[in-house]
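Each ligand, and each atom within it, is numbered from 1 in the order the structure gives. When a residue number appears, it is its place in the shown sequence, counting from 1. Worth knowing before you read on, the calculation uses all heavy atoms, side chains too, and leaves out hydrogens, waters and symmetry mates.
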Amino acid sequence: MAGIRDREKRHFPLQQIQDVVNLFKDQLSDSDEPNLAFLSIVLGSIEHILTVNRAVPYNKDASKCIEPIFPVIQLDTIQALYAKFVTLVKSSVDLTRYPGEFATRELVKRVSDVIWSGLTRAYYKDRAHLQSLYSFLTGNKLDCFGVAFGVVAAFQVLGYKDVHLALSEDHAWVVFGKDLKETAEVTWHGKGNEDKRGQPITVGVAEKNWLYLNGQPVICSREIEVAAIVSAINPSINATTDSVEMGALQQELLWQLYDMGHLDKYPMALGNLGDLEELCPTLERPLPVQIFEKAIESSKNYYNEQHVYPYTYLGAYHCRKGNYREAMKAWADAASVIKKYNYTREDEEIYKEFLEIANDLLPNMMKSVAGENASRLHGTSILHDPEAYANFLRFYDGICQWEEDSPTPVLHITWAKQLVFSLGKFDPKVRNYIDIHGEGEEEDDDEEDEEEEEEEEEKRRDLEKKVPQKEVSKGRKRKRSHKNSENGDEYETNH
Ligand SMILES: CC1(C)CN=C(N2CCN(c3ncnc4sc(C(F)(F)C(F)(F)F)cc34)CC2)S1
């Protein structure tokens, strides 16, 4: 990998968002590969100044923070950090021992160890702003995405073209070798799990496993690796305030990547862009729903519809907008994806998503609709809508199927209580308008079925009277960055 050339230097000093957009545009249209380490250091240094160490204090009391003007990023700052990374990587690997054109598993493990040993012993792994090489080089801290990205950036510095980032919806690893046939773990996952660094991700591991998307992860090109670091930008200053400038930069860079076609195979980046557009719409650009639909199309076209998040992005959006019919459909579609998986102990993130939908968002939705007199009286609300009811049943059927054959149970009493609560809100008449027979089942409309139905209804009403509905919370903080947790507990990684 050529170092920082005049081609990069002439963009400095970076004084405004457009300067950074031009730098990325130049890097992405260059015949040579975009320089991953360099771009990660640039983004990390801007994010640091706009979120972590804000030069201009924002006035806490006023709702609007005083945004500092865009920080001036000097070339020598970036050059010094880039040189530090190149020196660390090149001095830690004796390439004469690895003569081949392609990386070997031993070398992948070695480079992963170089990044791993550059990390401080114990720190809050889930904290924000730990995703870039700026964090690695100035604070010796990386989150799990950052470690995987750091390994790929290090291989680019070493001159390898075959080592690329592989991304699922909650884990990252690398592919390498001729035709990218090899895979290797290079980072940890979650809390309290032994890291499996150096091991391949075999078919047996990935099959029906959400953490590996059943063998359908995003296999990044250099350009999609750039999209990953842009998508990993975290504009949050604290739990309640975002840097307007950082969010604007992320949005501009994502549109730049979108226009160049580099988001076509990256559903989560499209989802992130849709969320940003909801916050701050860009004139003459597609609407958030259209962007979320593109993420769904991407999953259908390139990943055999194995990705869940495209539907949960869309469902959350419709829920926020009060489009409850559409939210119900999106969540039923999400459950129709997850049902193909077996739930295992490392799938907490997607479990929390469905838990929040079933036990918080859905019940609150049913409650607020039940309260709306007008639509209820005119029967236009979802409580009278057979389509909504069918999607409601499809949602729960998907979750039940997810649990079937899984080594870890999904459902517990709270799920059942909330199901009864939400189900009971539908007008009993909707049942007459949907056909829920599976393929090949006989149509049975005889008398005793009706009585059975009535008995069921009786039981449901009794259960509802007995089951006190505890107040449900206003919902979990939405995931922002690649790794995100409310409490960010500290835990040791074993390095
Ligand atoms: C619908 C949602 C609940 C809202 N935000 C969601 N995000 C936010 C952004 N996000 C992401 N957005 C872009 N790219 C990636 S790659 C990745 C990961 F593979 F898990 C990694 F690298 F291990 F962290 C995560 C992720 C994770 C999922 S899902």
Side-chain angles (χ1 to χ4, degrees), residues 40 125-128 130-132 142-152 164-175 185-191 193 195 201 209-213 216-220 224-236 250 253-254 257-258 262-263 265-276 278-279 288 291-292 295-296 298-299 303 307-320 327 330-331 333-334 337-338 346-357 360-361 475-486:
S40 179
K125 304 294 182 297
D126 264 354
R127 221 180 62 196
L130 301 185
Q131 77 283 46
S132 78
L142 283 172
D143 60 23
C144 88
F145 164 82
V147 168
F149 175 79
V151 169
V152 174
H164 284 285
L165 197 55
L167 301 173
S168 77
E169 293 185 320
D170 191 43
H171 190 31
W173 59 96
V174 298
V175 295
E185 300 275 8
V186 290
T187 184
W188 76 87
H189 174 259
K191 293 187 175 65
N193 303 315
D195 77 81
I201 289 97
N209 185 334
W210 173 73
L211 194 63
Y212 295 99
L213 288 176
Q216 302 282 344
V218 177
I219 304 296
C220 297
I224 302 177
E225 279 142 12
V226 174
I229 57 174
V230 171
S231 208
I233 286 171
N234 186 340
S236 21
Q250 183 179 34
L253 288 175
L254 283 172
L257 288 154
Y258 175 95
H262 300 320
L263 301 192
K265 297 182 178 177
Y266 196 176
M268 286 185 289
L270 288 166
N272 291 344
L273 183 54
D275 279 350
L276 289 165
E278 180 190 359
L279 280 176
I291 302 168
F292 295 131
I296 291 166
S298 173
S299 174
Y303 303 109
H307 293 201
V308 181
Y309 281 156
Y311 293 110
T312 49
Y313 270 110
L314 181 63
Y317 174 81
H318 278 312
C319 186
R320 289 192 295 269
W331 289 333
D333 291 339
V337 174
I338 202 68
E346 290 203 54
D347 294 342
E348 288 90 352
E349 285 307 310
I350 200 65
Y351 175 82
K352 285 190 284 188
E353 280 311 306
F354 282 105
L355 189 80
E356 183 186 27
I357 293 167
D360 189 350
L361 300 178
R476 195 164 60 91
K477 183 163 105 56
R478 278 161 19 80
K479 279 167 73 86
R480 148 93 59 207
S481 66
H482 280 21
K483 293 314 285 176
N484 175 8
S485 75
E486 293 71 39

(message) Measuring from atom 6 (C) of ligand 1, which candidate in Phe145, Tyr309, Tyr313 has the nearest non-hydrogen atom?
(response) Tyr313
(request) Check Phe292, Tyr313, Tyr303 against Pro267 for a side chain to side chain contact (heavy atoms under 4.5 Å, CB included) and give me the one that passes. (result) Tyr303
(request) Evaluate side chain to side chain contact (heavy atoms under 4.5 Å, CB included) for Cys144 paired with Trp188, printing each intermediate quantity in order. (result) CA-CA 6 Å; Cys144 88; Trp188 76 87; 3.7 Å; yes
Residue-level breakdown please: for [X] versus ligand 1, do any non-hydrogen atoms fall below 4.0 Å on the side chain, on the backbone, on both, or on neither?
X	result
Glu169	backbone
Val218	neither
Ser168	backbone
Ala172	both

(request) Report yes if Tyr266 has an N/O atom closer than 3.5 Å to an N/O atom of ligand 1; otherwise report no. (result) yes
(message) Determine whether a donor-acceptor pair (N or O, by modelled atom type, separation under 3.5 Å) exists between the side chain of Gln250 and the backbone of Asn234.
(response) no
(request) Any pair with a residue in residues 307-319 that passes salt bridge (charged side-chain N to carboxylate O under 4.0 Å, His left out), sequence neighbours left out, goes on the list, sorted by first then second residue, please. (result) none
(message) Among Tyr212, Phe145, Phe149, which residue satisfies the ring pair (Phe, Tyr, Trp, His ring centres under 6.0 Å) criterion with Trp173?
(response) Tyr212
(request) State the atoms of ligand 1, each with its element, that fall below the 4.0 Å cut-off from a heavy-atom position in Glu353. (result) 3 (C)
(message) Going by the rule side-chain hydrogen bond (donor to acceptor under 3.5 Å, both in side chains), which residues pair with His318 if we only count those two or more places apart in sequence or in a different chain?
(response) Asn323
